[in-house]
Amino acid sequence: MNIKIMVAAHKPYKMPKEKIYYPVHVGAEGKNSIGYTGDNTGDNISIKNPNYCELTGLYYMWKNEEYDVLGIAHYRRYFVNPKRKGDKWDRMLTEKEVASIMKHTDIVLPKKRNYFIETNYSQYVHAHHAIDLDTTREIISEMYPDYITAYDKSMKDTKGHRFNMFIMKKEKADEYLKWMFDILFELEKRLDISDYSVNDARVFGFVSERLIDVWLETKGYEYKELPVLFMEKENWFKKGMNFLKRKFIKGKA
């Protein structure tokens with residue numbers, strides 16, 4: 001089984017030793033090499049990285065690499081084995097574990113994030129622009145009308161899969177990525193982001209995080225959830241304060 005888990009990176013960083021992990025320099029176009037495979041060769045959208053984030057690396061993998069199983073991780077965030085204790089770097093999935101898991105499922109996702117007092121829609125709107133999701137809904141209703149019920153349901157839910165992380169067998173990965181990029185490329189045509197902040201301009205990466213549950217709900221595919229670990233210390237107080245600022249300050253703007 002040819003397993004490739006892309007590790008999206010924009011700078012040199014400690015990398016897993018397991019050969020299934022495939023470091024990719026995202027947004028490599030016009031940049032000096034950092035020693036990893038660049039996402040700017042073959043069929044690529046590397047130049048769009050400021051707006052598509054890690055998806056430029058994912059597009060490169062989809063269009064140019066051979067695989068039986070495709071995954072995506074981030075240089076500071078990985079799927080881990082919940083039963084294994086110890087150092088974070090020793091807990092990430094091994095090739096043997098991934099191969100075993102994929103014998104029983106076609107799709108692995110991070111455990112859902114629960115916003116509790118926010119829906120997926122309101123959480124996004126308080127952080128970014130409502131027109132991003134509203135236009136996405138218009139596109140889905142036109143291009144993929146069978147998915148609109150799941151889209152509306154997902155927007156009202158308080159839980160969702162995040163991080164643009166997954167591990168999928170080739171058939172499912174190819175199906176999902178074609179559907180997702182069809183929507184995002186059309187969204188890019190319709191949105192005017194010329195006055196967006198640097199962060200909000202990452203819109204297509206942010207929107208894509210809200211699409212995978214729509215696809216799963218519509219297709220009815222089963223999946224396995226695994227925990228994800230951030231490899232550095234996180235300031236949860238700061239994260240909480242930023243969440244409240246987005247909800248109560250930006251929400252009034």
Side-chain angles (χ1 to χ4, degrees), residues 1-28 33-39 49 53-58 60-62 65-115 159-170 172-173 176-177 205 208-209 212-213 216 221-240 242-243:
M1 185 180 292
N2 183 8
I3 302 169
K4 287 186 178 177
I5 300 179
M6 180 195 84
V7 182
H10 66 273
K11 63 181 181 180
Y13 201 81
K14 181 178 179 179
M15 287 289 164
K17 296 179 181 179
E18 289 273 331
K19 66 179 183 180
I20 58 172
Y21 292 99
Y22 194 83
V24 172
H25 180 185
V26 296
S33 173
I34 59 173
Y36 308 145
T37 298
D39 67 354
N49 182 260
C53 311
E54 63 276 351
L55 297 185
T56 61
L58 188 57
Y60 164 80
M61 295 292 293
W62 176 40
E65 295 291 336
E66 296 293 329
Y67 52 82
D68 300 313
V69 174
L70 177 65
I72 174 171
H74 302 265
Y75 72 104
R76 295 183 297 177
R77 186 176 282 123
Y78 295 88
F79 287 106
V80 295
N81 183 336
K83 297 181 180 179
R84 192 184 308 129
K85 306 300 180 183
D87 182 82
K88 290 181 178 180
W89 288 93
D90 294 329
R91 295 178 62 192
M92 64 181 60
L93 295 178
T94 65
E95 179 176 10
K96 184 177 180 180
E97 287 169 341
V98 175
S100 177
I101 290 169
M102 302 313 290
K103 290 179 181 179
H104 305 286
T105 186
D106 291 345
I107 302 170
V108 175
L109 296 172
K111 289 185 177 295
K112 283 187 175 182
R113 172 171 285 185
N114 192 337
Y115 293 105
K159 297 179 181 180
H161 294 102
R162 292 294 180 266
F163 310 133
N164 278 328
M165 290 178 63
F166 64 74
I167 303 173
M168 295 190 198
K169 289 181 180 175
K170 179 177 175 58
K172 295 294 193 303
Y176 171 63
L177 294 177
S208 67
E209 288 185 274
I212 194 162
D213 288 325
L216 287 169
Y221 293 145
E222 295 183 356
Y223 56 87
K224 179 180 179 62
E225 290 186 341
L226 286 176
V228 165
L229 275 183
F230 189 71
M231 309 314 286
E232 298 177 355
K233 291 183 178 180
E234 294 188 88
N235 188 329
W236 291 105
F237 176 78
K238 183 178 179 181
K239 282 179 173 288
N242 287 337
F243 173 81

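The structure displayed is predicted, hence computed values, not measured ones. Counting begins at 1 with the first residue of the sequence.
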Q: May I ask you to decide if H161's main-chain N or O and D213's side chain share a donor-acceptor pair within less than 3.5 Å?
A: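 Answer holds: yes.
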
Q: Can you find a heavy atom in the side chain of E65 that is under 4.5 Å from one in the side chain of Y22?
A: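 E65 vs Y22: side chains touch.
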
Q: Do you know which two heavy atoms are closest between L93 and I167, and how far apart they sit?
A: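 So the minimum-distance heavy-atom pair works out to CD1-CD1, 4.0 Å.
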
Q: Report the C-alpha separation of K88 and V80 in whole Å, then their side-chain angles, then the decisive distance to 0.1 Å, and conclude whether the side-chain contact (heavy atoms from CB on, under 4.5 Å) test is met.
A: CA-CA 8 Å; K88 290 181 178 180; V80 295; over 6 Å; no

Q: Under 3.5 Å, is there a donor-acceptor pair between the side chain of D39 and the main chain of G27?
A: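 Yes.
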
Q: Nearest 0.5 Å please: distance from the CG atom of L226 over to the CE atom of M165.
A: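 Answer rounded to 0.5 Å: 9.5 Å.
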
Q: I need the minimum non-hydrogen distance between H74 and V7, along with the two atoms involved.
A: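 Heavy atoms only, the tightest pair is C-CG1, 3.8 Å.
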
Q: Without swapping roles, check the side chain of N164 against the backbone of G205 for a donor-acceptor pair under 3.5 Å.
A: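 A pair under 3.5 Å: yes.
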
Q: Output, in order, the C-alpha distance, side-chain angles, deciding distance and verdict of side-chain contact (heavy atoms from CB on, under 4.5 Å) for L70 and L58.
A: CA-CA 9 Å; L70 177 65; L58 188 57; 4.1 Å; yes

Q: Looking only at heavy atoms, what is the nearest atom pair of K224 and I101, with distance?
A: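 Taking K224 first and I101 second, the nearest heavy atoms are CD-CG2, 3.9 Å.
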
Q: In terms of the angle between their ring planes, are Y78 and Y21 parallel, tilted or perpendicular, with boundaries placed at 30° and 60°?
A: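 Correct class here is perpendicular.
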
Q: Kindly compute the distance separating OH (Y36) from CE (M15), expressed to the nearest 0.5 Å.
A: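 With rounding to 0.5 Å, OH (Y36) is 3.5 Å from CE (M15).
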
Q: Determine yes or no for a side-chain-to-main-chain donor-acceptor pair under 3.5 angstrom, with R84 supplying the side chain and M92 the backbone.
A: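 Between the backbone of M92 and the side chain of R84 there is a qualifying donor-acceptor contact (under 3.5 Å).
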
Q: Do the side chain of E225 and the main chain of L109 share a donor and acceptor less than 3.5 angstrom apart?
A: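 No, the answer is negative, given that no donor and acceptor are paired below the 3.5 Å cut-off.
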
Q: side-chain contact (heavy atoms from CB on, under 4.5 Å) between F166 and Y176: does it pass, once the steps are laid out?
A: CA-CA 11 Å; F166 64 74; Y176 171 63; 4.3 Å; yes

Q: Would you compute the distance between atom CD of E232 and atom NZ of K14 and round it to the nearest 0.5 angstrom?
A: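 It is 11.5 Å, given to the nearest 0.5 Å.
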
Q: Would you please test Y221 and L216 for side-chain contact (heavy atoms from CB on, under 4.5 Å) and show each step?
A: CA-CA 6 Å; Y221 293 145; L216 287 169; 4.2 Å; yes

Q: Short question: side chain of K169, backbone of M102 - any donor-acceptor pair under 3.5 Å?
A: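 Looks like yes, one N/O pair under 3.5 Å.
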
Q: Kindly give the heavy-atom pair with the smallest separation between M1 and V69, and that separation in Å.
A: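 Taking every non-hydrogen atom into account, SD-CG2, 3.6 Å.
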
Q: Give me the atom names and distance for the closest heavy-atom approach of P110 to V228.
A: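 Closest heavy-atom pair between P110 and V228: CB-CG2, 3.6 Å.
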
Q: Might you point out which heavy atoms bring A99 and I3 nearest each other, and give the distance in Å?
A: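 Of all heavy-atom pairs spanning A99 and I3, the closest is N-CD1, 3.9 Å.
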
Q: Hey, does the side chain of E95 reach the backbone of I20 with a donor-acceptor pair shorter than 3.5 angstrom?
A: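 Not at all, since once roles are kept as given, no pair shorter than 3.5 Å links the two residues.
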
Q: So, the side chain of D106 versus the backbone of K172: is there a donor-acceptor pair under 3.5 Å, distance only?
A: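 Checking the backbone N and O of K172 against the side chain of D106, no donor-acceptor pair under 3.5 Å is found.
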
Q: Please check if the distance between the ring centroids of Y75 and H10 is under 6.0 Å.
A: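 Ring-ring flag for Y75/H10: true, centres closer than 6.0 Å.
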
Q: Taking the side chain as C-beta and beyond, is there a heavy-atom pair between D68 and K170 under 4.5 Å?
A: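 SC-SC contact between D68 and K170 ruled out.
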
